[in-house]
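First up is the structure itself, then whatever we jot down about it.
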Amino acid sequence: MHRLLILLTLPKDVRDYYATKLAERFPGLAIDVVDHHSKAPPFMRTADILLTFGPMMKDAVFHEAPNLKWIQALGTGVDGITDQPSLPPEVVVTNIRGIHGAPVSEAALMSMLALSRDLPRGLRCQSERSWTRFPAKLLDGKTVGIFGVGLIAEALAPKCKMFGMTVVGFSATRRDVAGIDRMYLRSELIARAGELDYLVLLVPYAEDTRRLIDARVFAAMKPTSYFVNLARGGIVDEDALIKALDAGQLAGAALDVFQHEPLPMDHPLWTTKNVIITPHQGGFCDVYPQLALPTIEHNMACFLRGDFDGMANVVKR
């Protein structure tokens with residue numbers, strides 16, 4: 001009998017949804033569920049399948065996993081999984097693609113609006129019962145730079161245009177994308193950063209993007225500009241970001257991802273001025289399990305019949 005471990009630090013109803021649906025579709029599959037990586041090792045001794053998110057993983061999960069053959073990542077990014085030293089090279093890893101355009105693009109718009117309208121200040125006034133009025137900044141007429149042009153950027157760009165924004169893309173190659181007014185190479189970011197009112201980070205984490213957004217980028221941005229990170233924390237030099245915010249090189253930042261997650265309680269970003277923090281919520285939405293399940297079920301069916309070649313979204317290790 002094949003055995004699946006679902007390792008998800010998510011609300012219980014979300015974990016139960018995956019377990020229930022997979023049990024209904026594959027009645028011969030044994031399923032265990034844990035809510036934290038520290039609880040996984042006893043189950044990994046017999047599991048040959050793991051369903052999880054990269055940010056929820058630790059290397060210890062793989063220390064005693066003699067039967068593990070396949071990992072289904074629930075996100076597009078597989079950092080936190082494929083970069084763990086103890087993951088055997090023969091284990092197949094698949095991910096989820098093509099479902100993040102709507103939730104992450106909406107999160108980007110929410111972040112830009114919250115920053116431009118200083119939502120944290122409004123909420124503080126509400127908690128203090130203070131009727132304090134202050135002018136908001138408009139998105140209309142502003143320029144947004146999207147660093148990393150993939151499916152999410154393709155969903156975000158037209159929405160930004162609907163707000164009257166000029167949209168600039170930064171990609172590995174120059175190409176035409178609907179809704180993007182100008183396309184630059186990633187290497188041109190520093191030279192063009194001064195044109196931007198908002199910089200939205202969507203690029204995948206890889207060795208060549210590690211800490212790519214650093215002090216040089218922040219120094220090149222306008223002091224009235226905002227930074228939004230919905231990609232991965234490891235792409236940003238967080239110390240440089242804090243220094244830039246403290247020095248007034250940026251007007252604010254909305255951060256959904258961090259180098260270490262959960263963000264430690266004593267991390268200085270919690271108290272840095274003009275920062276909005278969300279707990280890696282960008283793609284997490286009410287219909288995410290329903291959107292992800294078709295890929296999971298397809299790959300599960302392939303795995304159970306030994307058809308690794310038929311699996312969708314196999315990650316090149």
Side-chain angles (χ1 to χ4, degrees), residues 1-10 14-35 37 39-104 150-152 154 204-206 283-285 287-317:
M1 176 181 287
H2 293 284
R3 183 170 289 276
L4 164 68
L5 175 62
I6 298 175
L7 192 174
L8 294 175
T9 307
L10 294 173
V14 177
R15 299 193 302 270
D16 289 347
Y17 180 88
Y18 287 112
T20 300
K21 291 298 182 181
L22 291 172
E24 290 174 355
R25 176 71 189 276
F26 306 101
L29 180 66
I31 301 176
D32 298 303
V33 183
V34 296
D35 62 359
H37 61 79
K39 302 176 183 179
F43 299 98
M44 289 300 295
R45 297 186 185 108
T46 55
D48 52 350
I49 311 163
L50 176 64
L51 177 69
T52 191
F53 274 108
M56 300 174 185
M57 287 292 295
K58 294 293 181 183
D59 188 59
V61 173
F62 300 125
H63 286 180
E64 292 186 56
N67 298 315
L68 185 63
K69 297 180 178 63
W70 166 45
I71 301 173
Q72 175 67 63
L74 277 177
T76 301
V78 292
D79 49 298
I81 297 175
T82 56
D83 53 0
Q84 298 295 355
S86 299
L87 177 65
E90 67 274 10
V91 174
V92 174
V93 179
T94 55
N95 65 2
I96 301 291
R97 300 177 194 165
I99 69 171
H100 301 90
V104 179
L151 293 175
I152 297 172
E154 291 173 5
Y205 178 84
F284 188 35
C285 62
V287 295
Y288 194 95
Q290 292 92 320
L291 296 174
L293 202 60
T295 299
I296 301 169
E297 290 181 338
H298 168 82
N299 284 342
M300 185 67 73
C302 289
F303 177 82
L304 294 179
R305 64 173 178 263
D307 180 18
F308 285 91
D309 292 335
M311 298 177 85
N313 304 340
V314 176
V315 177
K316 293 181 180 180
R317 300 280 298 279

Do Phe26 and His2 have ring centroids that are under 6.0 Å from one another?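 No, too far apart.
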Does Thr295 form a side chain to side chain contact (heavy atoms under 4.5 Å, CB included) with Arg97? I'd like the steps, not just the answer. CA-CA 9 Å; Thr295 299; Arg97 300 177 194 165; over 6 Å; no
What are the two closest non-hydrogen atoms of [X] and [Y], and how far apart are they?
X      : Y     : result
Ile31  : Ala19 : CD1-O, 3.6 Å
Ile81  : Gly54 : CG1-CA, 3.7 Å
Ala60  : Pro41 : O-CG, 4.4 Å
Gly80  : Asp83 : N-OD1, 2.7 Å
Asn95  : Gly75 : CB-O, 3.2 Å
Ala292 : Tyr18 : CB-OH, 4.2 Å

Any side-chain heavy-atom pair of [X] and [Y] under 4.5 Å:
X      : Y      : result
Thr9   : Asp35  : no
Phe62  : Val91  : no
Arg3   : Asn67  : no
Val92  : Phe303 : no
Asp309 : Val314 : no
Leu4   : Met300 : yes
Arg317 : Leu87  : yes
Asp16  : Val14  : no

Check whether any side-chain N or O of Asn299 sits under 3.5 Å from a backbone N or O of Ala312 as a donor-acceptor pair, and report yes or no.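 Yes; at least one donor-acceptor contact below 3.5 Å.
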Side chain of Arg45, backbone of Glu64: donor and acceptor closer than 3.5 Å?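 No; judged by distance alone, with no hydrogens or angles, the pair does not exist.
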Distance (rounded to the nearest 0.5 Å) between [X] [atom1] and [Y] [atom2]:
X      : Y     : atom1 : atom2 : value
His100 : Thr76 : NE2   : OG1   : 4.0 Å
Leu22  : Arg25 : CG    : CZ    : 9.0 Å
Phe308 : Thr94 : CZ    : OG1   : 10.0 Å
Met311 : Gln72 : CE    : CD    : 7.0 Å
Leu68  : Asp48 : CG    : CG    : 7.5 Å
Thr52  : Ile71 : OG1   : CD1   : 8.5 Å

For Lys58, does the NZ atom sit with more than 12 other heavy atoms under 6.0 Å from it, leaving out its own atoms?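 No - once you tally the heavy atoms of other residues, nucleotides and ligands closer than 6.0 Å, there are 12 at most.
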Could you go through Met57 and Leu50, starting from their C-alpha distance and side-chain angles, then the distance that decides it, and tell me whether this counts as side chain to side chain contact (heavy atoms under 4.5 Å, CB included)? CA-CA 11 Å; Met57 287 292 295; Leu50 176 64; 3.9 Å; yes
Take the angle between the ring planes of Phe53 and Tyr288 and call it parallel below 30°, perpendicular above 60°, tilted in between.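 Phe53 and Tyr288: tilted rings.
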Ile49 vs Leu29, side chain to side chain contact (heavy atoms under 4.5 Å, CB included): CA-CA, chis, key distance, verdict: CA-CA 10 Å; Ile49 311 163; Leu29 180 66; 4.0 Å; yes
